[in-house]
Amino acid sequence: MNIWLCLLSAVIGYFIGNFSSAIFYSKIFAHEDVRNQGSGNAGAANMLRNYGMKMGFATFFTDLLKGMLAVLVGRLIGGEIAGYFAAVAVVIGHNWPALLKFKGGKGVSASIGVVFMVNWQATLIIFVISVAFIFITGYVSVASIIGFLSAPVTIAALYWGNWPLIITVAIISCIVVLSHSGNIGRLRRGEERKVSFKRGGERGKRNLK
């Protein structure tokens, strides 16, 4: 392991994470910053709530690809361990982007992209669990938390003994869960909003052009 190549991969991964597809799509198509709407979060769930399914899923898949790209770049630069450094960094960069005044998303979509680069079966398991909890509870936050609490367990079951990988996924899962601390508070107070799958979202039909 070359620590300098790992650190370089982490820096590149962090700045890949700084690209916010939610802000990009909301400004291009709705002429406003999604961070000024709804929960104020620059992520797929807030896009879905405010602008509808197309914008929500476009944001989700773009951020997923962002996570995949960071891991791929890290691997090309310094091998598997460098890819793990890039994996953690891209999620941190998505959540706390220096280029966007440290106001980003919660890392769910990017983290799914990271796990996909490790094992698509694990990603499928996590995705199915998350989707199930969205439809059961109506809360994206609950689905995200439960899905990523299951991620280290799933990876450990498939790759027992690969401690760098297991620790990487555990760190990413902790970041995702901790990023939902505000949602957890709102859930306890009964103030968390449920997701709507209506075509235009709450603002979409009026704002999207």
Side-chain angles (χ1 to χ4, degrees), residues 12-73 86-117 123 126-127 130-131 133-135 138-145 147-148 172 175-180 182-183 186 192-209:
I12 293 174
Y14 176 81
F15 282 104
I16 289 175
N18 273 224
F19 171 76
S20 173
S21 60
I23 296 174
F24 176 78
Y25 290 137
S26 64
K27 287 190 174 182
I28 292 295
F29 296 107
H31 313 293
E32 58 189 16
D33 190 330
V34 67
R35 293 175 298 178
N36 296 324
Q37 312 303 331
S39 66
N41 180 250
N46 201 31
M47 291 289 283
L48 177 63
R49 290 191 193 99
N50 287 284
Y51 306 115
M53 290 183 64
K54 288 184 179 180
M55 292 276 274
F57 282 109
T59 302
F60 170 79
F61 283 112
T62 304
D63 286 344
L64 182 146
L65 291 173
K66 183 170 67 177
M68 294 173 63
L69 176 62
V71 176
L72 177 60
V73 170
V88 173
V90 72
V91 178
I92 294 173
H94 176 83
N95 289 15
W96 300 283
L99 300 180
L100 298 169
K101 300 180 180 180
F102 300 99
K103 190 177 180 182
K106 295 181 180 176
V108 175
S109 304
S111 298
I112 292 174
V114 166
V115 178
F116 184 84
M117 291 296 288
T123 309
I126 296 165
F127 186 75
S130 298
V131 170
F133 272 89
I134 289 176
F135 284 101
Y139 296 114
V140 174
S141 56
V142 172
S144 300
I145 292 167
F148 274 92
I172 290 171
I175 293 171
V176 171
V177 173
L178 289 173
S179 295
H180 284 81
N183 302 84
R186 287 191 292 273
E192 182 77 338
R193 292 193 303 165
K194 292 188 175 183
V195 70
S196 171
F197 290 98
K198 294 179 180 180
R199 181 185 176 93
E202 295 177 7
R203 300 169 57 84
K205 287 184 178 180
R206 179 163 57 87
N207 290 335
L208 296 182
K209 296 180 181 179

At their closest point, which heavy atom of [X] faces which heavy atom of [Y], and how far apart are they?
X: Ile126; Y: Gly147; result: CG2-O, 3.5 Å
X: Met117; Y: Met68; result: CG-CA, 3.6 Å
X: Leu100; Y: Asn18; result: CD1-O, 3.3 Å
X: Glu192; Y: Asn183; result: OE2-ND2, 2.8 Å
X: Thr62; Y: Ser21; result: CG2-CB, 3.5 Å
X: Ala42; Y: Ser20; result: CB-OG, 3.8 Å

- Task: Report yes if some heavy atom in the side chain of Ser179 is under 4.5 Å from a heavy atom in the side chain of Ile175; otherwise report no.
- Result: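 Contact flag for Ser179/Ile175 side chains = yes.
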
- Query: Is there a side-chain contact between Phe116 and Val71, using heavy atoms and a 4.5 Å cut-off?
  - Reply: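 No, side chains not in contact.
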
Does [Y] offer a backbone N or O that forms a donor-acceptor pair with the side chain of [X] under 3.5 Å?
X: Ser26; Y: Val34; answer: yes
X: Asn41; Y: Asn46; answer: no
X: Lys27; Y: Asp33; answer: no
X: Arg35; Y: Lys103; answer: yes

Between atom [atom1] of [X] and atom [atom2] of [Y], what is the distance when rounded to the nearest 0.5 Å?
X: Ser109; Y: Leu65; atom1: OG; atom2: CG; answer: 10.0 Å
X: Ile145; Y: Leu178; atom1: CD1; atom2: CG; answer: 10.0 Å
X: Gln37; Y: Met47; atom1: CD; atom2: CE; answer: 10.5 Å
X: Arg186; Y: His180; atom1: CZ; atom2: NE2; answer: 9.5 Å
X: Leu99; Y: Tyr14; atom1: CG; atom2: OH; answer: 7.0 Å

- Pair Ile112-Phe60, side-chain contact (heavy atoms from CB on, under 4.5 Å): steps then yes or no: CA-CA 10 Å; Ile112 292 174; Phe60 170 79; 3.8 Å; yes

- Query: Are a donor atom and an acceptor atom from the side chains of Tyr51 and Thr59 found within less than 3.5 Å of each other?
  - Reply: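 The criterion, which ignores hydrogens and geometry beyond distance, is not satisfied for Thr59 and Tyr51.
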
- Applying side-chain contact (heavy atoms from CB on, under 4.5 Å) between Val90 and each of Asp63, Ile16, Leu69, Asn95, report the one that passes.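 Checked Asp63, Ile16, Leu69, Asn95 against Val90; only one passes side-chain contact (heavy atoms from CB on, under 4.5 Å): Ile16.
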
- Task: For atom CZ of Phe19, decide whether the heavy atoms of other residues, nucleotides or ligands shown that lie under 6.0 angstrom number more than 12.
- Result: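 Result for CZ/Phe19: enclosed.
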
